[in-house]
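What's counted below: heavy atoms across the whole structure, side chains too, no hydrogens, waters or symmetry copies.
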Amino acid sequence: MRLDDGLLGLLLTVIAVAIVMHAQTFPRLAFMQFGPSLFPTILGVGLGGCGVALMIQSAIRRFAGRGGPWIDLDPWARSARGLLGIALFLAAIVVYGLVLPRLGYHLTTAPVLLVLLLWMRVRWWLALLVALGVTLFTHQLFAVWLRVPLPWGLLEPVAW
């Protein structure tokens with residue numbers, strides 16, 4: 001599947017505006033000139049700049065008569081399995097966001113990864129190893145090394 005650069009640029013710009021607007025709601029620190037909103041705002045502005053550049057590039061290409069279709073679906077995306085795969089991926093994102101606070105990081109991440117890997121026809125034992133390995137590695141990376149608090153959910157009594 002291919003999106004025209006103009007559509008992709010529009011999507012990036014909308015996301016960038018949302019990031020910058022949300023970052024402005026972060027609390028301000030009385031003793032500093034900048035606060036926790038600085039880095040997300042810088043990223044949002046950069047992302048928005050990239051989005052605008054993509055839209056300009058697409059407009060120039062279309063004006064010169066070299067524009068293609070806005071959305072070009074590959075043959076796999078037109079098949080029933082391809083459409084179900086796209087729906088499964090989007091559903092996994094929604095389920096992950098809804099279930100993560102209740103079940104916790106570990107009990108949500110590993111099953112979601114396992115289902116997606118099995119859908120992609122990865123052998124069950126390899127999918128299980130990858131899902132568990134990625135879950136444990138990302139826990140180590142974020143919770144231990146980077147000190148990002150991850151929700152424990154149901155595993156709160158055995159949190160390490």
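Side chains of T135 and Y105: a donor-acceptor N/O pair is absent below 3.5 angstrom, by distance only.
Residues D5 and R61 are in side-chain contact: their nearest non-hydrogen atoms beyond the backbone lie under 4.5 Å apart. L141 has its side chain within reach of L146: a pair of non-hydrogen atoms, C-beta onward, lies under 4.5 Å apart. With a 4.5 Å cut-off on side-chain heavy atoms, L114 and L128 count as touching.
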- Item | Candidate pair L113 and V130, rule side-chain contact (heavy atoms from CB on, under 4.5 Å), full reasoning | CA-CA 8 Å; L113 283 175; V130 169; over 6 Å; no
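From R102, atom CZ reaches atom CG of L154 across 11.0 Å, with rounding to the nearest 0.5 Å.
The nearest pair of heavy atoms linking L83 to A77 is CD2-O, 3.2 Å. Nearest approach of S37 to A23, heavy atoms of both residues: CB-O, 2.9 Å. Nearest heavy-atom pair, D72 versus P69, reported as atom, atom and distance to 0.1 Å: CB-CG, 4.1 Å. Shown here for V122 and L118, the closest heavy-atom pair between the two residues is O-CD2, 3.8 Å. Summarising the geometry of V20 relative to T41, their closest heavy-atom pair is CG2-O, 4.0 Å, with the distance given to 0.1 Å.
By the 6.0 Å contact criterion, CZ on R121 is open, its count of non-hydrogen atoms from other residues, nucleotides or ligands being 12 or less. For R123, the CZ atom counts as loosely surrounded, since its 6.0 Å shell holds 12 or fewer non-hydrogen atoms of other residues, nucleotides or ligands. Heavy atoms from other residues, nucleotides or ligands lying under 6.0 Å from CZ of F26 number more than 12.
W124 and L116 fall into different hydrophobic clusters, where Ile, Leu, Val, Met, Phe, Trp and Tyr residues are linked whenever their side-chain heavy atoms come under 4.5 Å apart, directly or through other members.
Here the side chain of D74 pairs no donor or acceptor atom with the backbone of W76 at under 3.5 angstrom. With hydrogens and angles disregarded, no donor-acceptor distance shorter than 3.5 Å links the side chain of R28 to the backbone of F34. Panel note: side chain S58, backbone L54; no donor-acceptor pair is recorded below 3.5 Å.
A perpendicular orientation is assigned to the rings of W145 and F137, their planes being inclined by more than 60° (bins at 30° and 60°).
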